[in-house]
Amino acid sequence: MSDPTRPISSNPSLEPPGTEMTEGERRALEIVEAAETGGRKLGGWQAGLVTLLAVGWCLYQMYAAQVGNIDTLTLRATHLGFAFALAYLVFPFRKTPGAPQTRVPWYDWILGVGATGTAAYLIAQYPKIAGEQGGILTSTDVLVGSGMVALLLLAAWRTIGIAMPIVASVFMLYALTGPRGLIRGDLGPQLQLHAGQTWPQVVNQLAANTEGIFGTALGVSAQIVFLFVLFGAIFDKLGAGDWFMRVAQGLLGGFRGGAAKASIVSSALNGIISGSSVSNVVTGGNITIGTMIRTGYSREKAGAIEVASSSNGQLMPPVMGAAAFIMAQNLNIEYRTLILAAAIPAFLCYAALLVVSHIEALKLGLKGIPRDELPRVRSALLSGWHYLLPLGYLIGTLTVNPEATPERVALNTIFGMLALMFIQEGVLAARDGRGVGRGLLDGGRKIIEAFESGARSMVGIAIATAAAGIIVGIVTITGLGYGLTDIVQLVSEGFRGLLDGLFGAQVATFGAIVVVLIMAQLITLILGMGLPTTANYILMSALVVPIIAKVAGLDLTNPAQMLPVHMFVFYFGIMADSTPPVALAAFAAAAISGGNPVATGVQAFQYELRTALLAYMMFFNPQLLLIAGSRLNGISWVDAVPMVIFAFIGLVAFSAATLRFLHRRTNPLQMLMLLVASFILIIPTSLVWNLAALALIALVYFWQKAGRQEPPKTAPLAA
């Protein structure tokens, strides 16, 4: 169990100098390693081989971005080949917490070589397949392609869990059914939505072109995502995560509930460079969770706040996890356009979470952290101001320069950070009397560690995007998406007809859209429990997004109309990270706090309800995404200010209702009034309705303030 009385450290590393990891922190680190970087802790030449492969992968990706003319399929297949090799070397099939494997078993050597060999085979044979063979596969091609599909599903099972392999297998089975498929027979008209495919046709679709495994998702992973993950790994190794933490603590730690507020802000800043909620929990949570407990939060609430803030880190531009890059490709828009559109919702999400933490502090009667225990803001800022140079270049260039591609900006930033690493370590070594040469050696060692960390973090993303390509390929070859759209539209039309007879056409149309959104929300949350955010988004964008668009009457080719739909499923995919019973981030937080992981996940889900409301706000009010009519970035930030203020007030009212506390605990009628006000503010209507919603909120506030106030139970700081 983590010790909540441990003093605040200025180093968020799991093993700060002069201290030892607690048992809880060690368990949390094991969760992260097993889930994201592989659970094996190899030694000797095997560890050296992993480092060599990881560094080689990084150098290859940097070279590919530098030259920019590597053949599309070659780049994607090489990317997958490296991921295959590392997946079988560092991700064991069976994970035993507390007892990591220290050697690679013989069968994993065979599987790893075989999987990597299938990628190499495709690189070598693809020109012949596409040229002389006219796209027709030989029996050898089918055999190798079949092996690639099977080994990819096995690698996905190891790296991202069993959900994706099961879903992909069901989709492949569906493709094989039908009158002309491998699995024939009278399945009934309901199940025969397509003619059916033979196994060679399925293999050709999935493993021999760029419409399946080697599709857009893997292409984005290879071309863009890898570089941004590597940027985040180097930035963290520089010490930026530590600096974010100290600055946040210095600025906010002294306020009421300041420990939670510092955790939220530092997680938001870490989210700028990290697309992983679980690693974000462990990176900052080993300090913030204990501090929150020490200042009066329960173990479950402290863990839940860290989970909610870390999960929302994937909403923060410019990285936004890997899904954002794929979203930009799906919408055929510039990445800079997407991150500008996503900025206001991300700000609202974190601003509302700060309100949630403040409400919890009011309920518990908490105080801030004593000022003498906090870092001094000025010294903290001065100690790491240079971290703003690469971050400022990255964000500034992406948002201002329309000619700059994301991969080129990320590569230039990486080059700058490599130079900064040597300068920083050289200066520190000279200051400590160790000599500049020793500092340069330390810088080189840290760069290699960052390369290995970045490559190992990419394994799950690369495997997830490749496995998701199986589903996308099957949807394309069978037309499944159109069939599902027709089924859901039939259901929504029935519901529309029912409401039309009772309330009229306008209410009926709105109700049908809401029903479809709720169905999409539930599907995304359920599938997201077992899938990483990126894989979940790819699956939902292929299946659910077209359904919502058709029912809502949206143009699939219009990015301005489709961006709110994509953001809707993206936001609910992120919520799945904190949705019990899986909620891996909650298990990591509970390992640190010593709390109940399920209770932590349930509490985090309650905090995340504001994210759900924000997803609906974006759908019904696209102006939050800077969309005006059919134009992306069609309104200025200044014009968006009143709309943002109303949206924020709606989120505050909703948070107060779900937490049942505003000025003091709400009664059922007050909670209902707050909910009604928040729902009014979801949909942009007239100023009169917005003012009516504000009046409801004000009425609840003054009603509570005029009532008898029970003093909160003050939670003093632990000794």
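This structure is a prediction, so every number in the text was calculated from the model and none was measured.
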> Do L151 and Y88 pass the side-chain contact (heavy atoms from CB on, under 4.5 Å) test, and can you show the C-alpha distance, the side-chain angles, and the key distance before you say yes or no?
Replying inline: CA-CA 10 Å; L151 291 169; Y88 284 102; 3.8 Å; yes

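- Closest approach of V307 and A604 over heavy atoms only: CG1-CB, 3.8 Å.
- The line from CG of L539 to CD1 of I523 is 9.5 Å long, rounded to the nearest 0.5 Å.
- Formation of a donor-acceptor pair under 3.5 Å by the Q61 side chain with backbone atoms of A222 is found in this model.
- Put simply, the side chain of F91 does not reach to within 4.5 Å of the side chain of I463, judged on heavy atoms.
- At least one donor-acceptor pair closer than 3.5 Å links the side chain of R76 to the backbone N or O of F214.
- Distance check: M148 CE to L143 CG gives 11.5 Å after rounding to the nearest 0.5 Å.
- Side-chain contact check for N312 and Y607: no donor-acceptor pair (N or O, by modelled atom type) lies under 3.5 Å.
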> Could you walk me through whether I538 and T216 pass the side-chain contact (heavy atoms from CB on, under 4.5 Å) check?
Replying inline: CA-CA 10 Å; I538 296 170; T216 300; over 6 Å; no

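- By the 30° and 60° cut-offs, the orientation of the rings of F325 relative to F228 is tilted.
- Between I344 atom CD1 and C349 atom SG the span is 14.0 Å, to the nearest 0.5 Å.
- When all heavy atoms of I160 and G460 are compared, the pair lying nearest together is CG2-O, 3.8 Å.
- In terms of modelled atom types and a separation under 3.5 Å, the side chain of T465 and the main chain of A462 share a donor-acceptor contact.
- For the pair T337 (side chain) and I333 (backbone), a donor-acceptor distance under 3.5 Å is absent.
- For the pair L651 and L613, the minimum side-chain heavy-atom distance is below 4.5 Å.
- Counting all heavy atoms, side chain and backbone alike, L331 lies closest to M562 at CD2-CB, 3.6 Å.
- Contact annotation: the side chain of I470 approaches that of L153 to within less than 4.5 Å [non-hydrogen atoms, C-beta and beyond].
- Contact annotation: the side chain of L122 never approaches that of V144 to less than 4.5 Å [non-hydrogen atoms, C-beta and beyond].
- Residues V516 and I547 form a side-chain contact, since some pair of their non-hydrogen atoms from C-beta on lies under 4.5 Å apart.
- Checked against the 6.0 Å centroid criterion, the rings of F679 and Y616 do not qualify as a close aromatic pair.
- No side-chain heavy atom of L111 sits under 4.5 Å from any side-chain heavy atom of F84.
- Between I461 and S221 the shortest side-chain heavy-atom distance falls below 4.5 Å.
- A distance-only check finds no donor-acceptor pair linking the side chain of Y174 to the backbone of T478 [under 3.5 Å].
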> After noting the C-alpha distance and the side-chain angles of F605 and T611, does the key distance pass the side-chain contact (heavy atoms from CB on, under 4.5 Å) rule?
Replying inline: CA-CA 10 Å; F605 183 78; T611 307; over 6 Å; no

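- Judged purely by atom type and a 3.5 angstrom limit, Y571 has no side-chain atom pairing as donor or acceptor with the backbone of L614.
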>> Pair R610, E608 - check side-chain contact (heavy atoms from CB on, under 4.5 Å), show working.
In response: CA-CA 5 Å; R610 82 203 186 287; E608 282 286 70; 2.9 Å; yes

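- Residues N209 and Y126 bring no donor and acceptor atom of their side chains to less than 3.5 Å of each other.
- Here the side chain of Q205 pairs a donor or acceptor atom with the backbone of G473 at under 3.5 angstrom.
- S267 and E306 form a side-chain donor-acceptor contact under 3.5 Å, judged by distance and modelled atom types alone.
- Under 3.5 Å, the side chains of T600 and Q603 contain no donor-acceptor pair of N or O atoms.
- No salt bridge links D555 with K550; every basic N to acidic carboxylate O contact stays at or beyond 4.0 Å.
- Once rounded to the nearest 0.5 Å, the distance linking CD1 of I70 with CD of Q223 reads 10.5 Å.
- Remark: R158 engages D108 in a salt bridge, criterion side-chain N to carboxylate O under 4.0 Å.
- Between the side chains of S146 and W199, at least one donor-acceptor pair of N or O atoms lies under 3.5 Å.
- Ring planes of Y60 and F82: tilted class, angle from 30 to 60°.
- For the residue pair Q521 and T524, no side-chain donor N or O sits within less than 3.5 Å of a side-chain acceptor on the partner.
- For N204 (side chain) and L137 (main-chain N/O), no donor-acceptor pair under 3.5 Å exists by modelled atom type.
- Looking at I574 and L315, their side chains come closer than 4.5 Å, going by heavy atoms from C-beta outward.
- The heavy-atom pair separating A83 from V459 by the smallest distance is O-CG1, 3.8 Å.
- The distance from atom OG of S310 to atom CD1 of I305, rounded to the nearest 0.5 Å, is 11.5 Å.
- G81 and A119 make their closest contact through CA-CB, 4.0 Å (heavy atoms, listed as atom of the first residue, atom of the second, distance).
- Looking at every heavy atom in both residues, P597 comes nearest to A586 through O-CB, 3.9 Å.
- Taken from NE2 in H566 to CE in M327, the straight-line distance is 7.5 Å, to the nearest 0.5 Å.
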